[in-house]
Engineer: 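This is the structure, below, for whatever I ask next.
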Amino acid sequence: LLCRAGGLLALPRDCIAAEKICLMDPACNATYQALENCSLDKTRFLPLSLDARTRCRDAKLDLRSSPLLHCKCHRRMRRQKHCLRIYWTVHSSFTHGYFNLETSPYEDPANEEPWKIDYNKLAALVSGSHLAGDSANPCLKATHFCSLNKKCVHLRTYYASSCTKGAESGGTCDQHKCHKRLRQFFEKVPEDFTKRLLFCPCQDELCGERRRKTIVPECSFQDSIKPNCLLLLDSCIKDHICKSRLADFQQNCQPAGMSPDGCSQHNHAACLQAYMGMIGTAMTPNYVGNSSTEVSLWCTCKNSGNQQEECDQIRSMFISNKCLKNTIQSQMHLSQATLEGQE
Amino acid sequence: ARRRDSPNCTVRRLMVKVRDLGLGFDSDEIVPFKYCSGSCHRIRSNYDLTLATLLQEKAIKPGPLGHVASHPCCRPTRYEAVSFMNVHNTWQTVEKLSAAECKCIG
Amino acid sequence: ARRRDSPNCTVRRLMVKVRDLGLGFDSDEIVPFKYCSGSCHRIRSNYDLTLATLLQEKAIKPGPLGHVASHPCCRPTRYEAVSFMNVHNTWQTVEKLSAAECKCIG
Amino acid sequence: MDLSFHIKENKPPGTFHQLQLPPIHHLCQNVSISYKLLAVEGLPFRYNENTTGVSVVQRLDREERERYELIAKCTVREGSKEMQVEVPFLVNVLDEDDSAPFLPNGTSTTDAVVEFNRKEGTVLATLTVCDADTTPIFPIESSRKKYTGTISTTDPWISETFRVDHIFHEIYFSPNGSQVRGTLHEYKLMLNKNISVTENRSFQLDVLVNDTEFHGPERSVMLHFNVSILPVSIQFPNVTYQFTVNRNAQRFAHIGKICIENCMKFCGVNITYRLLSPNASCYAVGILQGREDKFGSLYVNDSSVLLRPECKEIQYTVVASDKQSKKHAKTQLTITLEGTIIKKEEDCPECCAVNKHRAECEECGGVGVLTGKCQWRQGSGKGITTNYSTCTPSIRTCPDGTCDVIESKDPSVCPQDCTNGNIIGGHERGAHGIKSGHGICYCFPRQNCYCEKDDIKEPPCDDMC
């Protein structure tokens, strides 16, 4: 399929391109249609019959030579949702457990961030201007840097205004729009700004409260009653974006008891990116309070019945994840060092 | 010396403390304030020329500042909101605070 | 004494000799000249309030008159032409000389 | 690494896990590997050193204990060297529906009284049922189907008029010291429709609670609600109403409120108020009622009448009637006109809220004024506050954060409370209108409202304007 003009073309990395190639080939096209029926979304978690499972496994084997099998998606690509749907069509029938989502659909984070901001130049701009004053609040200082970057200040307003609209006069906010714009902020604004806004090192509760409020918790996840974590996971799995972010988080923030940095992937940057990727989904994590750096999901394991363990497992992905804890701590130390370097 | 023409109507950008906006918000954040400034002389009409003459000849009294304009105005044609957290860590949004685009209009 | 609010933006009318239009036409005829005047305060935005504050606090220099407008402008939204015969009995028309309709814009 | 197992309760004894000896065990002659299960004393688990099998020796009862934390110890001997590793060996006992519902404090009966609150959705009383079994909240539909609560009656009126709402949450039992999860089921008796004021009956209403998946005896419990529906009367307190109105009052001026006895306690009862006036020529006052209001609001409906010298004291009959039962009550209302008529100031705006300064405010009248002049409310002037400065027809009712029925009749009465247009300047928007504002708030009806400091100088208008 891929040998043309005598040379072996590079496999198209992104699934949309891979799908186009597959659909042009009758055999691959038929196999791909078969896999679409296997995708769990369609069967609504109904346990597949034995021959259906065999058919699905054979369909995947037939895809061995197709670019679909190894295609991936990019966090900042256009039509990300379409790409992720293709990915999970190909990978859905082989999700081991209801909970462990196999590998992340996202391209390796290392070569993801195209731009690098000269943060120190910005820092000099802020501390040079009389405006910033001698604020000791690192989270406030991070907003000063953000306000110097057009995309940061624009997209920060974009999510904050839609996450607070309706709520101020006692009504309810539009959580779907709020989530969408939060995701846009964390996808489109350079990480130099988003990391410093979200992982600013606080010494007091006022700063801690500003950090906790950064993603507008009253709209992005909080509700009058805490849902059961199983319900949160169920909503997430049904949405391609959330499912993808969760797979990315599970892969990149996977704790490893023996590893010195607590992570199996040893890539704090990838873990931070994966954590920020969860913000603006059904499983939006946040700081539990204004005086600790502990993060958690907004859910409880009360009333879990026989699924108490699964529920605890979901909660502990965030609340007692050594890899995530170390990753956040190291980012905060980095921010602290940068701040001290500027003063 | 040659009198250089005034700069045309364009967007200008200024970093401002939220407190200095004068709207009563109590926040330590800084926000970009973009405003429109510049000349609109290039697109004046016969009306403008005549009005300028009559004003100069005191045939027409201008009244309070800005009530009679003898040229199109350099004004925003698109605005932007700005959001920030105040000192109580409450989010606030000011709609149509900043100019996103400026043109000579009217 | 009570400060009465400035009148809103409206069309005002003045009879003017063609010669006094300042456009160089030589004619003894008199023509109606309609212009726009009045306050646009009622439709200011947060942008205008902030700009007025920053101007007053000298955080922004106003530059030449009218280059920075901290409220919408009272300007024509429709114009009228005027025709007349000059001293040589030749018909002449001045396009867009008079305001047919005024509104607060920008 | 934790070893974690689930064992369903009530299952017969047997082996549930085999500790594996790694393949290298046979290759290295002088290496020996052995396992031990620690902390098993007194617990129903055994480890067979020969078969390396782990077994449970009796049926487990989750309602007795649902979690066992054992320790698996592995010892590796090589010659004289010995190395030991211990890892948690957790056993979770899965629940079966093997417990019958029971009454927590033996009470299966309670009273449910309907008096003033006769509105659909009102919770009259609650009874609780316990169950030692767990009830998963996810997926909730299956739990709701599992544990039903149905009104058992043959009277269609009762089935139409009442419904039962069921919620449940996790509670803990502590049999012999360990903590075990169970469920508290709450059954709320609610009104399913509004009840007429004349309805008057008492009866016992039974609710059958059924644990559909429990197959033992006593799988259901009957709850008893002693319902008594009391009739309520529609009557005015035995007083007549008297109000004085200044002859300079303008249209939509608030005069006062009219209310039948206990009116504020009523809920779900639709009382409407009307005025009957024998003296048609002096008909100056009207009465209005907001959708959620339980009282009638009197207001000046025709201010020109107030200027007529022949109208001094106006008599009305007030009629309050209940739509559903057609019951009604009457009382007398006397309006006394007072005050000397003052000349209306020229060149004043129709709406008080337009005035930005005290001087122009107190010189002018406007829609809704009580005594002919607007009133200036001086605020605290600090930041964005509910106590902002503003010009109002009546400080008592405007602004008060509520767009009441009279204010909502005309945008010029109290735009501060009622505007849903733009509010420019530092402010916080309420459900309607301005909740808090910066400095002075003033409004142009049907246009914008502004909240700004007064020190932003706008050049004063000279006499040419």
Side-chain angles (χ1 to χ4, degrees), chain A residues 122 125-168 173 178 181 185 197 202 204-220 287 290, chain B residues 6-40 72-106:
Chain A
L122 284 180
L125 261 176
V126 169
S127 34
S129 81
H130 63 283
L131 292 172
D134 50 8
S135 163
N137 181 337
C139 291
L140 175 64
K141 204 145 209 176
T143 66
H144 293 162
F145 295 139
C146 176
S147 63
L148 289 171
N149 178 280
K150 278 190 180 145
K151 188 169 274 191
C152 188
V153 70
H154 182 63
L155 291 178
R156 180 176 184 240
T157 290
Y158 202 44
Y159 85 71
S161 56
S162 75
C163 293
T164 49
K165 184 156 283 175
E168 74 275 353
C173 71
C178 174
R181 292 186 175 172
F185 179 75
L197 277 171
C202 289
D204 58 67
E205 286 183 359
L206 190 66
C207 171
E209 182 63 3
R210 170 179 278 273
R211 181 173 60 191
R212 191 185 71 80
K213 286 274 201 70
T214 297
I215 60 169
V216 199
E218 306 83 9
C219 180
S220 59
Y287 294 94
N290 52 25
Chain B
S6 320
N8 286 332
C9 172
T10 182
V11 182
R12 295 177 197 285
R13 182 182 159 100
L14 186 70
M15 296 308 288
V16 183
K17 284 185 191 169
V18 168
R19 269 196 201 89
D20 296 342
L21 297 174
L23 299 174
F25 293 106
D26 191 6
S27 168
D28 298 314
E29 292 202 22
I30 303 171
V31 292
F33 175 71
K34 292 186 281 185
Y35 63 97
C36 302
S37 166
S39 155
C40 287
C73 302
C74 177
R75 287 286 297 176
T77 45
R78 202 161 42 82
Y79 291 92
E80 280 170 358
V82 176
S83 294
F84 47 84
M85 269 201 251
N86 67 14
V87 291
H88 309 297
N89 291 325
T90 305
W91 278 103
Q92 293 188 308
T93 297
V94 182
E95 299 295 340
K96 288 180 83 170
L97 174 68
S98 209
E101 187 187 57
C102 299
K103 279 189 184 146
C104 291
I105 40 180

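Just so we're clear, the structure is a prediction, and the values are computed from it rather than from any experiment. Proteins come first, then strands; the chains are lettered A, B, ... in the order of their sequence lines, and each starts at number 1.
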Engineer: Answer yes or no: is there an ion pair linking A:K141 with B:E29, defined by an N-O contact shorter than 4.0 Å?
Structural biologist: no
Engineer: Show the nearest heavy-atom pair for residues A:R156 and B:F84, with the distance to one decimal.
Structural biologist: NH1-CA, 4.3 Å
Engineer: With a 4.5 angstrom heavy-atom cut-off, which part of B:S83 approaches chain A: side chain, backbone, both or neither?
Structural biologist: both
Engineer: Looking only at non-hydrogen atoms, find the nearest pair between B:N89 and A:L206 and report the distance.
Structural biologist: ND2-O, 3.0 Å
Engineer: Given heavy-atom pairs under 4.5 angstrom as the criterion, report whether the side chain, backbone, both or neither of A:Y158 touches chain B.
Structural biologist: neither
Engineer: Is the closest basic N to carboxylate O distance between A:K150 and B:E80 below 4.0 Å?
Structural biologist: no
Engineer: Kindly determine whether A:N137 and B:D28 satisfy side-chain contact (heavy atoms from CB on, under 4.5 Å), including the steps that lead there.
Structural biologist: CA-CA 10 Å; A:N137 181 337; B:D28 298 314; over 6 Å; no
Engineer: With a 4.5 angstrom heavy-atom cut-off, which part of A:T164 approaches chain B: side chain, backbone, both or neither?
Structural biologist: side chain
Engineer: Could you tell me which portion of B:E95 (side chain, backbone, both or neither) has an atom closer than 4.5 angstrom to a non-hydrogen atom of chain A?
Structural biologist: side chain
Engineer: What heavy-atom pair brings B:M15 and A:L148 nearest, and what distance separates the two atoms?
Structural biologist: CE-CD2, 4.0 Å
Engineer: Would you give the length of the straight line joining atom OG1 of A:T214 to atom CE of B:M85, rounded to the nearest 0.5 angstrom?
Structural biologist: 4.0 Å
Engineer: Provide the closest heavy-atom pair for B:V31 versus A:S147 in the form atom of the first, atom of the second, distance.
Structural biologist: CA-CB, 4.5 Å
Engineer: Could you state the interatomic distance from CD1 (B:I30) to CZ (A:F145), rounded to the nearest 0.5 Å?
Structural biologist: 9.5 Å
Engineer: B:W91 side chain to A:K213 main-chain N or O, any donor-acceptor pair under 3.5 Å?
Structural biologist: yes
